[in-house]
Amino acid sequence: MYQNAWIHPRSKMKLVFCSHVFYLLLYCGTRTLGVEIQSEPDVNSDGVIQIELNQTVSLLCLSNGGSEAQADEELVWLRNGVMVKLKEGNNKGRSSVCVTPVIYGDNGATFTCQLRTNATVMSSVTLNVTYRPQLSGAEELTVEDDSVLVLRCDIWANPPVSSVSWTLNGSALDLLAGGFTVTNDGYTSQLTVKSVEKSSHEGSYKCRVHSPIYGEGNKFFHVTVTEKTMKFPLIPIIAGVVVVCLTALLAVVSRWKTIAKCFK
C-alpha cells in the first residue's frame with residue numbers, strides 16, 4: 001500500500017507560484033497585439049481578393065490588441081511597399097482604404113496594414129483583378145486582289161482565354177489550303193494572308209475566344225476583295241513634266257532674239 005508523499009511547504013508555494021505565472025503567460029499570449037484586415041469583397045484563405053475591373057474594393061484594418069492602449073495604436077497602409085496617404089483620424093485603432101474604380105494596374109497589387117511603431121505587426125492582402133477580352137462589333141475591310149490581309153483580335157484577359165479560333169463564312173479555316181497564318185502573343189491573335197484571292201478570301205470572318213469565367217466572346221470582320229488597280233508612279237511623272245517644261249523654257253529664252261524678229 002502506497003503512502004501519500006510529503007511535500008515541503010516551501011515547495012508547495014513554488015508550485016502555486018509557477019502555476020500562476022504559467023496561466024498569466026498563457027493569457028498574455030492569447031492577447032498579443034496584432035492587426036486584421038477585413039474586406040469587401042471577402043479575402044480568401046490565400047490572402048487574395050478577386051475583383052472585376054472597374055469595381056470597388058473596401059479594406060478595413062483593425063488593431064486587435066488586448067488593452068485599450070494597444071487598440072489605439074497608429075496604423076499605416078502600404079501599397080506594394082509604398083505608403084498610402086490617409087486622411088487625418090483614419091489611422092487610430094482602425095483604418096480604411098477604398099480602391100475605386102479598380103484598374104488594370106491594380107492587378108497583383110498588395111496592400112499591407114501595419115503598426116507605425118512595429119512594422120513586424122502587419123497583415124496583407126493581394127488583388128486579383130479579372131477582366132474579359134475587349135471583343136465587340138464588326139469591322140468592314142476592303143483589300144485589293146494579290147495584296148496582304150491582316151486581321152487582329154484582342155485576346156488579353158485575366159484569367160487568360162482558354163481557346164482562340166477563326167472561321168470564314170461559318171467554317172473553320174483550312175490554314176494550309178487557304179494560305180492563312182495565325183499567331184498569338186497572349187495579347188492579340190493575328191490572322192494573315194500574304195496574297196489575297198477573291199475566290200478564297202472574301203467573306204465574313206469570326207474570331208472566337210473562350211474565357212474560363214466570362215464564357216464566349218466574338219469579333220466579326222467583313223472582307224471585300226476588289227480588282228487590283230494600276231498605280232502610276234506620281235512622283236516620277238511630276239518630275240518628268242517639270243523637266244520638259246524647263247527644257248522648253250530654256251529653248252525659248254536661248255532663241256528669243258530670233259523669235260522677236262518674226263514680230264517686227
Side-chain angles (χ1 to χ4, degrees), residues 41 44 46 48-57 79-80 99-111 126-237:
N44 65 21
D46 295 323
V48 176
I49 301 172
Q50 182 168 311
I51 182 72
E52 287 192 26
L53 187 71
N54 296 323
Q55 299 300 306
T56 298
V57 173
R79 182 188 185 277
N80 292 338
V99 184
T100 184
V102 172
I103 61 175
Y104 292 108
D106 291 320
N107 186 39
T110 297
F111 288 83
T126 301
L127 302 187
N128 178 29
V129 181
T130 62
Y131 46 90
R132 67 179 72 233
Q134 299 301 306
L135 298 175
S136 62
E139 288 187 23
E140 300 279 348
L141 296 96
T142 300
V143 295
E144 292 186 355
D145 193 35
D146 200 31
S147 63
V148 177
L149 172 65
V150 178
L151 305 179
R152 294 184 178 88
C153 179
D154 178 23
I155 61 172
W156 186 40
N158 184 35
V161 297
S162 55
S163 65
V164 183
S165 62
W166 288 86
T167 61
L168 172 58
N169 297 326
S171 300
L173 294 180
D174 187 339
L175 298 182
L176 294 178
F180 298 102
T181 301
V182 176
T183 58
N184 296 326
D185 61 5
Y187 296 90
T188 303
S189 177
Q190 179 171 296
L191 174 67
T192 306
V193 180
K194 291 185 178 180
S195 181
V196 172
E197 296 180 6
K198 184 179 181 68
S199 60
S200 301
H201 303 120
E202 185 174 72
S204 297
Y205 292 79
K206 180 171 72 172
C207 170
R208 180 173 60 192
V209 303
H210 188 273
S211 166
I213 64 175
Y214 293 111
E216 186 176 298
N218 302 292
K219 184 171 183 178
F220 297 89
F221 303 85
H222 301 297
V223 177
T224 301
V225 180
T226 60
E227 292 185 0
K228 191 172 184 178
T229 57
M230 296 298 294
K231 296 182 179 179
F232 295 96
L234 185 59
I235 293 179
I237 290 175

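Between the side chains of D146 and S195, at least one donor N or O lies within less than 3.5 Å of an accepting N or O. Checked by atom type, the side-chain pair T224/T142 shows no donor-acceptor distance below 3.5 Å.
Put simply, CD on Q55 and CD on Q50 are 12.0 Å apart, with the number rounded to the nearest 0.5 Å. Taken from OG1 in T188 to CG in L151, the straight-line distance is 12.5 Å, to the nearest 0.5 Å. Residue I155 holds its CD1 atom at 12.0 Å from OG of S211, rounded to the nearest 0.5 Å.
Between C207 and V164, the closest heavy-atom pair is SG-CG1, 4.4 Å. Among all heavy-atom pairs drawn from I213 and P159, the shortest one is CD1-CD, 3.5 Å. Of all the heavy atoms in C153 and W166, the pair that sits closest is CB-CZ2, 3.8 Å. Among all heavy-atom pairs drawn from K219 and E139, the shortest one is NZ-OE2, 2.8 Å. Summarising the geometry of I51 relative to T56, their closest heavy-atom pair is CD1-O, 3.7 Å, with the distance given to 0.1 Å. Residues E52 and V102 approach most closely at O-CB, 4.1 Å, considering heavy atoms.
No side-chain heavy atom of V225 sits less than 4.5 Å from a side-chain heavy atom of E197. Counting heavy atoms from C-beta outward, D145 and E227 have side chains that stay 4.5 Å or more apart. When side chains are defined from C-beta on, Y205 counts as touching V223, because their heavy atoms get closer than 4.5 Å. Inter-residue side-chain proximity for L175 and V182 is flagged as met; some heavy-atom pair is nearer than 4.5 Å. Counting only heavy atoms from C-beta outward, the side chains of L149 and T192 never approach each other to under 4.5 Å. No side-chain heavy atom of F111 sits under 4.5 Å from any side-chain heavy atom of N80.
Classified by interplanar angle (parallel below 30°, tilted 30° to 60°, perpendicular above 60°), the ring pair Y104/W156 is parallel.
Qualifying side chain to side chain contact (heavy atoms under 4.5 Å, CB included) partners for R132, counting only residues two or more places apart in sequence or in other chains: Y214. In this view, S204 and N169, H222 satisfy the side chain to side chain contact (heavy atoms under 4.5 Å, CB included) rule, not counting sequence neighbours. Remark: D174 engages L176, A177 in a side chain to side chain contact (heavy atoms under 4.5 Å, CB included) (not counting sequence neighbours). Under the side chain to side chain contact (heavy atoms under 4.5 Å, CB included) criterion, S163 pairs with H210, sequence neighbours left out.
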**Message:** Please evaluate residues N128 and N107 with respect to the criterion side chain to side chain contact (heavy atoms under 4.5 Å, CB included), reporting the C-alpha separation (whole Å), side-chain torsions for both, the decisive distance (0.1 Å), and the verdict.
**Reply:** CA-CA 5 Å; N128 178 29; N107 186 39; 3.5 Å; yes

**Test side chain to side chain contact (heavy atoms under 4.5 Å, CB included) applied to L168 and F180, step by step** = CA-CA 11 Å; L168 172 58; F180 298 102; 4.2 Å; yes

**Steps toward side chain to side chain contact (heavy atoms under 4.5 Å, CB included) verdict (L173, L191)** = CA-CA 10 Å; L173 294 180; L191 174 67; 3.7 Å; yes

**Request:** Under the side chain to side chain contact (heavy atoms under 4.5 Å, CB included) rule, what do L53 and T130 come out as? Steps first, then yes or no, please.
**Result:** CA-CA 6 Å; L53 187 71; T130 62; over 6 Å; no

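The closest donor-acceptor contact from the side chain of S147 to the backbone of E144 lies under 3.5 Å. For the pair D154 (side chain) and P133 (backbone), a donor-acceptor distance under 3.5 Å is absent. For H201 (side chain) and G178 (main-chain N/O), a donor-acceptor pair under 3.5 Å exists by modelled atom type.
Pairs passing the salt bridge (Lys or Arg N to Asp or Glu O under 4.0 Å) check and including a residue from residues 199-216, sequence neighbours excluded, read K198-E202. Among pairs with a residue in residues 175-186, those fulfilling side-chain hydrogen bond (donor to acceptor under 3.5 Å, both in side chains) read N184-S189, at least two apart in sequence or across chains.
We find that R79 and D106 are joined by a salt bridge, their nearest charged nitrogen and carboxylate oxygen being less than 4.0 Å apart.
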